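Structure first, commentary second.
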Amino acid sequence: MAKEHHHHHEHECECGSCGHHHHGGMKSQLTLIVITVVLLLVAVWIEHQFSLTTWQLLLVYLVPYLIIGHDTLKEAAEGIVHGNAFNEHFLMSVATLGALCIGFLPVAETEFPEAVFVMLFFQVGELFEGYAEGKSRESIAHLMDIRPDVAHVVRAGEDGSQEVVTDVHPEDVSLDETIVVRRGEKIPLDGVVVEGSTTLNTVALTGESAPREARVGDEVYSGCINMSAHIRIRTTKTFGESTVSKVLELVENASERKSESETFITKFARIYTPIVVFAALALAIVPPLVDGAWSTWIYRALMFLVVSCPCALVLSVPLTFFGGIGGASRKGILIKGANYMDVLSKVTTVVFDKTGTLTHGQVSDELLVTGDRLKSDAPAAMEALRDAGVQRMVMLSGDRREAVQRIADQLPLLTEWHAELLPTDKVALFEQTLHQGPVAFVGDGINDAPVLARADVGIAMGALGSDAAIEAADVVLMDDKPSKIATAIRVARRTLSIARQNVWLAIGIKVAVLVLATLGLATMWMAVFADVGVTVLAVLNAMRALKC
C-alpha cells in the first residue's frame, strides 16, 4: 500500500520530457539503450564493410533510430495533435529527422550515425533524470515508512461477552475505539494511552532519535513505533485526520504547488521553442538566397535545432526543488511547496508566538510558581537565526505582561515583544509593523492559524501543534524545536542556489554552442554534448539538494 503513493509527482514540464518512465520503468529503458548501442555499432561496421547507396544506408540506420526514438517521435506527434506542438520531443524529432536528411545533401558526410546518437543521448539523459527523481522519491518514501498498514481493534465478540481483537485497516477504525499496539509495531491512529506504559520511537515523524516516554493518559501520534511494551490506545482521530495521513498528504502535494522558477520554465519553453524553430527556418532559407549554398545553411539550421533543446533547464530545476523538499523532510521539516522555499530563503524577520513555540506551554497552578518554561533550545535557535541573516526577531503573546517580560528577559536576541494580544490583534500587528521584507511567523495553536495564513511563510510546530495551525502553515516542523527554523532557511537557500546554478549553467552553455552552430563551427557531436552533458551535470547538481 505504502509504495503506491510516490507516483503523483510527475512534474509537468513543458518540454514534455517527463513522459518517459511510465513505459515499464528504467530497466526497459536501459535495455533499449544497450540494444541501440549494439545495433549502432553493427550499422557503422556495415557502412565501412560494404559500399551501399545512401538509401540502403538509411534503412540500416533506421533500425536503431526507431528502436530508441519511437517513443520520442510518438510524443512529438501527440503534441502536434493536442495543439502543444512546441515541446522537447518535437525539437528532438525535428533535429534528428533533419540529421537523417543531411545524408542527402551534397555538402556533408552522411549524418545517419549522429541522428541515432542524438536520440540515444537524449534517452540517457532521461534515464539519469529518472534515477535522480527516484532518489528524491526514496527520501520521501523514507518518510512514507510511517504509514501503518493494520490496526488491532478490541471489539465485543459474537455473544457480546468477551472481547475479541480484530485486525482491520486503520481506515476502518472509528473514534473512541480501543486499539492494541504491540511491541515493535507502528501506532496506526492518534489517540490516548489507556493501558500500559512504553517508550516510543518518533524518528519517522520528527527526525528525533531519543525515545519518548508514553504512559496512561499521554497523547500518542500515529507513525511512532512502540518500542518496549504492549499498550492500549483510545483513538481520538480517524485515520484520515491522523498525524500520519496529514504528513503524507503534505508531502504528496508539496511538489504540486509550483515554485515561481518552475512556472518561469513553463513560460520559457512555450516562448522559447517557437523562437528556436523559426530562427532555424530563417537560417535555412535567408542566407542561401544570398550565397546559394543551400546545403551548408540547411545543415547549420538543423544543428541549431539540435543544440537548442533546453532539457537541462527543464529537468533540473523542478528536480532541485523536489530534492530540497525531500532532503528537508528527512530532517523533520515539511515544506508544503517549492514556492515556499523561495520565500523561506529570503526571510529577514521571524515572528514567534510565545506559548508552545518558544516555551513548553504548560501553565502552572494559580500560585503562571513554575510558570511557562522556556524551551531549552530557544536561545540557540535565535542565535542560529541571527547567523542565518535574520535581522528582526519578535515575540507575540496573549499572555500577561509580567509572564511575557520574564521569558523575554531570557532571550537576549529578541528585537521586540508584545503581550496580552487577541488573535485579531496579532493579525493587526502583523499588518502594521511587520511588513518589511518576507516575514516568517512561527506558531502552534488554533489562535495562530489566522496569522500563519497571513504571513509570507507560516511555520507550525507539528507535534504539539493544533490541526488548524498545521493546516494553515506553509512549513511544518515535526518536532517542536525552534532551532529547526534556521535549518529550514538554510535548506531553502541551498536549494535555491543550486537551482540558480543550473539555470545559468544550462543557458550559458546553450548560448555558446548556438553561436558556434550559426557560424558553422559546431559539430553535431558538440550539440549533443551541450544538451545531454549539461542535463547530466545539472541533474547531478540537483541531487546535491537531497543532501541538505
Side-chain angles (χ1 to χ4, degrees), residues 15-17 20 29 32-50 52-77 79-80 87-127 273 276-277 280-281 283-284 294-311 510 513-514 516-517 520-536:
C15 69
S17 58
H20 52 294
Q29 211 177 357
L32 284 184
I33 289 173
V34 173
I35 292 172
T36 306
V37 170
V38 174
L39 288 175
L40 181 57
L41 292 172
V42 170
V44 172
W45 177 80
I46 289 175
E47 181 178 0
H48 286 291
Q49 287 300 98
F50 309 99
L52 299 176
T53 66
T54 311
W55 281 106
Q56 288 169 322
L57 206 57
L58 175 66
L59 292 176
V60 170
Y61 278 107
L62 268 180
V63 179
Y65 174 76
L66 291 174
I67 287 179
I68 197 71
H70 66 273
D71 254 2
T72 308
L73 293 165
K74 197 176 92 222
E75 299 266 350
I80 294 167
N87 61 30
E88 164 94 318
H89 299 272
F90 177 74
L91 267 180
M92 293 309 295
S93 305
V94 170
T96 49
L97 292 169
L100 293 175
C101 300
I102 288 176
F104 296 92
L105 295 172
V107 62
E109 287 282 293
T110 58
E111 297 275 357
F112 296 153
E114 280 81 336
V116 180
F117 207 81
V118 170
M119 274 298 187
L120 187 64
F121 251 47
F122 180 51
Q123 291 299 327
V124 171
E126 301 263 88
L127 188 73
T273 313
V276 168
V277 172
L281 275 175
L283 198 60
W294 284 97
S295 33
T296 309
W297 288 107
I298 289 174
Y299 176 63
R300 285 185 191 180
L302 292 169
M303 287 288 312
F304 186 89
L305 275 178
V306 179
V307 183
S308 59
C309 244
C311 52
K510 279 272 169 271
V513 184
L514 279 176
L516 291 175
L521 296 172
T523 63
M524 190 69 89
W525 298 107
M526 249 163 99
V528 172
F529 171 77
D531 194 41
V532 181
V534 176
T535 305
V536 172

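Remember, it's a predicted structure, so these values are computed and weren't measured experimentally. One is the number of the first residue; the rest follow in order along the sequence.
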Taking it one step at a time, do T72 and Q123 satisfy side-chain hydrogen bond (donor to acceptor under 3.5 Å, both in side chains)?
CA-CA 9 Å; T72 308; Q123 291 299 327; 3.3 Å; yes
Can you find a heavy atom in the side chain of [X] that is under 4.5 Å from one in the side chain of [Y]?
X: V277; Y: V94; value: no
X: H70; Y: L32; value: yes
X: K510; Y: V534; value: no

**Asked** Looking at residues at least two apart in the chain, or sitting in another chain, which of them share a side-chain contact (heavy atoms from CB on, under 4.5 Å) with L100?
**Response**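 Here the qualifying residues are L58, L62, Y65, L97, F112, A115.
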Test of understanding: with side-chain contact (heavy atoms from CB on, under 4.5 Å), list the residues that count as partners of I46, not counting sequence neighbours.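 Applying side-chain contact (heavy atoms from CB on, under 4.5 Å) to I46 gives V42, F50, L52, V60.
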As a test of understanding, state which of L41, V34, L39 forms a side chain to side chain contact (heavy atoms under 4.5 Å, CB included) with V37.
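When side chain to side chain contact (heavy atoms under 4.5 Å, CB included) is applied between V37 and each of L41, V34, L39, only L41 qualifies.
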From [X] [atom1] over to [Y] [atom2], what is the distance, rounded to the nearest 0.5 angstrom?
X: I298; Y: L281; atom1: CD1; atom2: CG; answer: 10.5 Å
X: L73; Y: M119; atom1: CG; atom2: CE; answer: 4.5 Å
X: E114; Y: L120; atom1: CD; atom2: CG; answer: 12.5 Å
X: L521; Y: R300; atom1: CG; atom2: CZ; answer: 7.5 Å

Inset, instruction - Any pair with a residue in residues 32-43 that passes side chain to side chain donor-acceptor pair (under 3.5 Å), sequence neighbours left out, goes on the list, sorted by first then second residue, please. - result: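 Qualifying pairs, neighbours excluded: none.
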Query raised in the report: What pair of heavy atoms forms the shortest contact from L40 to Y61, and how long is it?
Result: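 Of all heavy-atom pairs spanning L40 and Y61, the closest is CD1-CE2, 3.8 Å.
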Smallest heavy-atom separation, A280 atom then A301 atom, equals O-CB, 3.2 Å
